[in-house]
Amino acid sequence: MSGTFVGMPAFPKAAHEAVQNVTLRRNLRHATHTIRDKRAVAVAELDDWDQLREAGKQIKDHTLSRLDHYLVQLEESVTAAGGTVHWAADADEANRIVADLVKATGESEVVKVKSMATQEIGLNEALEAEGIAAYETDLAELIVQLGKDRPSHILVPAIHRNREEIRDIFRSEMSAWGRPAPDNLTDSPAELAEAARLHLREKFLRAKVGISGANFMVAETGTLVVVESEGNGRMCLTLPETLISVVGIEKVVPTWQDLEVFLQTLPRSSTAERMNPYTSMWTGTTEADGPKTFHLVLLDNGRTATLADEVGRQALRCIRCSACLNVCPVYERAGGHAYGSVYPGPIGAILTPQLRGTQSEVDASLPYASSLCGACYDVCPVAIDIPEVLVHLREQVADQGGKGHRLEKVAIKAATWVLDNPAVLAVGERVAAKTRKLHPRKIPGPGASQWTNSRDLPEMPAEPFRDWWKKNRT
Amino acid sequence: MRVALFATCVNDAVYPSTAIATVKLLERLGVTVDFPAAQTCCGQPQFNTGYRRETEPLVERMTRAFEGYDYVVTPSGSCVAMVRDNYPRIGDKARAEGRGTRLKDAATSLVPRTYELTEFVVDVLGVTDVGAYFPHTVTYHPSCHGLRMLGLGDRPRRLLEAVKGLELVELPGAEECCGFGGTFAVKNADVSTAMGNDKVRNALSTGAEVLCGADNSCLMHIGGILHRQDAPQRALHIAEILASTEEEPAA
Ligand code: SF4
């Protein structure tokens, strides 16, 4: 297993392997069903859930429609509060800015708060190339990093691992990174947590530079917000002398009052908690408290292009709660790695092809990685109509031609012609009915065998309905 | 009240018994049903696979075929969802592309008149006991389109509960997708099959003789797995159960 998503195969191929991995299926089924049920209970407690969901949607839509304005306001507020704002058009630029900032401190290691944006741009790898070691401090992220693995879930990146696997990773890998795991480490959650705590404490106390993302940025005051449940994030945000935050431009909200909505919907949607355990907020720098230097790197990396798409832009409302992953029947069976990106599941299937384009095989296959069952849309706390965007993106992929889609287009055009000529259609139906004794229930060959490998075909009827109608009702 | 049956392409060609049952059921409830022969397919498979422009002739055909009817009734939740959710989108996009309002107008005319069968029976006819007889144990799979997009709620259930002789048993994990998903079933056959197998396992665990649904495309997928496994359960459309009587039982 490599630590990056470069050169991933198309979704169906990756999923083919995942579906057969019994341990993975069991781990994922157990984890997603547990959190899915808890979330449903936590959400049902609120009488005004629908209004909160609508408010969240409207706040995000309003902000996105005036993003230029709010980002400039944010820059002014952050600067006034003693921070420095950098603008990064893409991953390379963001990585270069961060690496230069770290080098300017003279340090060669950093501690990290779990952050999707820095994973999206491959910051750890970029820093490593510059001789800077980046230590992940979120427990699940640590498991992924130690295991030279890839994240498979937005909130619980190591969701595909069970306790025994985690124990083995800690035992064999921790010593290479710092304080080793105790020899007699078992797979009890308390022992695993303690081993991680001791391993990480060393890093927190030594680190001079912290790197984070943010869940929200408040334009009116320049305040950044990180929502987490371990407290490790808060250590990274408060102990180092320099703090660098890399945040997607869509994370801005206009006012503190807007947070009121999201701080209710996010915890309930993601971890089924009524209130989030560790909510850290900071505004620039403060004399004699916390980091002395604060840098904010605002990341575009495909977001303005996404914003330009009238249907697709709703993906930018996402608050990364991961509720859509937890209810998704496809994610549950294919696992997060099959999506070939740090954003797996339904949101990944609509976000990745927009941020990265649909040129690579895996990116072009993502809009099809869904049965369009709509469970994701139902739970999304900002009402992103994921099925709508999926179909919209399928249109783009089909239009661009590419592997399999040229033939498909010809077939669809032919089918439409038949379906637009009821007389021709009736002839076809009659032929199918007349030859029904000849139809096998399994058909070999590509296309048909995709169906009949696991399912029988229905028996053809003696006559189509339109003939019955003609005989019996006209 | 002029009522037209939209049989759907799948039912016309593969499951005529469902369309026939729909006609008989509605007639028994005192409705005169018409079947405009110009109808074919709502365009759902094309649209959901990414061929919106190729769907447009079918939107126009649907609108022409059902012009002048007060109600268009169909035994397929997903086809109703296609008309209700996607026809307006197709119209909006065509207009945004500078191709006028013809498709938008077509959608505006058709959408409010289009009803899924159980919706029509419960909401428009105001009936829950349709006088059916079906002496079997049945479990109900509420397909995603009916459940989440149309919000059919407990309508199918109420209809089934009123059927004489029928014993309705709860389907575990009922709200989970069966894995059909149109072209998803072949484009992502492995995941689709894994989902279908789980659905079938749950359905068989009920011990029911019949797995009932309101969408034959899902039932083709679930039924295909049941048949492959030689399972002691068959998939049957709700229309056929509701049409079944003591004199004329379901096949
Ligand atoms: S798309 Fe919606 S449900 Fe999924 S992670 Fe984003 S906010 Fe949560």
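First the proteins, then the strands, lettered A, B, ... as listed; each starts at 1.
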Shorter than 4.5 Å, heavy atoms on both sides: which option in A/A10, A/A462, A/S371 has the most such pairs with chain B? A/S371

Check whether A/R466 gets within reach of chain B through its side chain, its backbone, both or neither, counting any heavy atom under 4.5 Å. both

Part of A/S370 lying under 4.5 Å from any heavy atom of chain B: backbone

Given heavy-atom pairs under 4.5 angstrom as the criterion, report whether the side chain, backbone, both or neither of B/L147 touches chain A. neither

Counting only non-hydrogen atoms closer than 4.5 Å, does A/V311 touch chain B with its backbone (N, CA, C, O), its side chain (CB onward), both, or neither? side chain

Below 4.5 Å, heavy-atom pairs only: which of B/N197, B/N11, B/T49 has the largest tally toward chain A? B/T49

Max heavy-atom pairs within cutoff under 4.5 Å with chain A, candidates B/N188, B/T183, B/V33, goes to B/N188

Using the six-membered ring wherever Trp is involved, compare the ring planes of B/F180 and B/H221 and label them parallel, tilted or perpendicular (cut-offs 30° and 60°). tilted

Does A/H33, at its NE2 atom, have more than 12 non-hydrogen atoms belonging to other residues, nucleotides or ligands within less than 6.0 Å? yes

If you count heavy-atom pairs under 4.5 Å between each of A/E388, A/R430, A/E310 and chain B, which one has the most? A/E388

Testing the basics here: between A/T358 and A/P353, what is the closest heavy-atom pair and its distance to 0.1 Å? CG2-CB, 3.7 Å

Kindly indicate whether the side chain of B/V111, heavy atoms from C-beta on, has any atom under 4.5 Å from the side chain of B/P88. yes

Can you tell me which of B/I222, B/D190, B/L219 forms the most heavy-atom pairs within a distance under 4.5 Å of chain A? B/D190

Is it the side chain or the backbone of B/R53 that comes within 4.5 Å of chain A heavy atoms, both, or neither? neither

How are the rings of A/F465 and A/W468 set to each other: parallel, tilted or perpendicular (split at 30° and 60°)? parallel

Just do the side-chain hydrogen bond (donor to acceptor under 3.5 Å, both in side chains) check on B/D215 and B/H141 with the steps written out, would you? CA-CA 9 Å; B/D215 225 308; B/H141 167 59; over 6 Å; no

Heavy-atom cut-off 4.5 Å, strictly under: side chain, backbone, both or neither for B/A7 against chain A? side chain

Contact between B/V191 and B/F184 at the side-chain level, heavy atoms closer than 4.5 Å - yes or no? yes

When A/P461, A/A334, A/A398 are compared by non-hydrogen pairs under 4.5 Å with chain B, the top option: A/P461

Near A/Q400 CD, under 6.0 Å, is it more than 12 heavy atoms from other residues, nucleotides or ligands? yes

B/E27 portion near chain A, given a 4.5 angstrom heavy-atom threshold: side chain

Counting heavy-atom pairs under 4.5 Å with chain A, the top scorer among B/D85, B/N48, B/D34, B/N86 is B/N48

Donor-acceptor check, side chain of B/R2 to backbone of B/Y69, threshold 3.5 angstrom: yes or no? no

Does one side chain, of B/D12 or B/Q39, offer a donor that lies under 3.5 Å from an acceptor on the other? no

Structural part of A/D378 lying under 4.5 Å from a heavy atom of chain B: side chain

Tell me, out of A/E463, A/K470, A/R394, who's got the most heavy-atom pairs with chain B below 4.5 Å. A/R394

Below 4.0 angstrom, N of the basic side chain to O of the carboxylate: do B/E175 and A/R36 qualify? no

Heavy-atom distance under 4.5 Å to chain A: side chain of B/E54, backbone, both or neither? both

Relative to chain A, which segment of B/L58 carries a heavy atom at a distance below 4.5 Å: side chain, backbone, both, or neither? side chain

In terms of heavy-atom pairs under 4.5 Å, which option from B/Q229, B/M220, B/E60, B/H145 contacts chain A the most? B/M220

Bottom line for A/E429: the part with an atom under 4.5 Å from chain B's heavy atoms is side chain

Please look at A/L419 and chain B and tell me whether the side chain, the backbone, both or neither of the residue comes under 4.5 angstrom of a heavy atom of that chain. both

Side chain from CB out, backbone as N, CA, C, O: work out which of these in A/V19 comes under 4.5 Å of a heavy atom of chain B, or both, or neither. side chain

Could B/R89 and B/D92 be called an ion pair, given the rule that one side-chain N must be under 4.0 Å from one carboxylate O? no

Any donor-acceptor pair under 3.5 Å linking the side chain of B/R61 with the backbone of B/C41? no

B/Y51 portion near chain A, given a 4.5 angstrom heavy-atom threshold: side chain

Any luck finding a side-chain donor-acceptor pair between B/S192 and A/R455 under 3.5 Å? yes

For chain A, find which of B/I20, B/T193, B/V14, B/V23 contributes the most heavy-atom pairs closer than 4.5 angstrom. B/I20

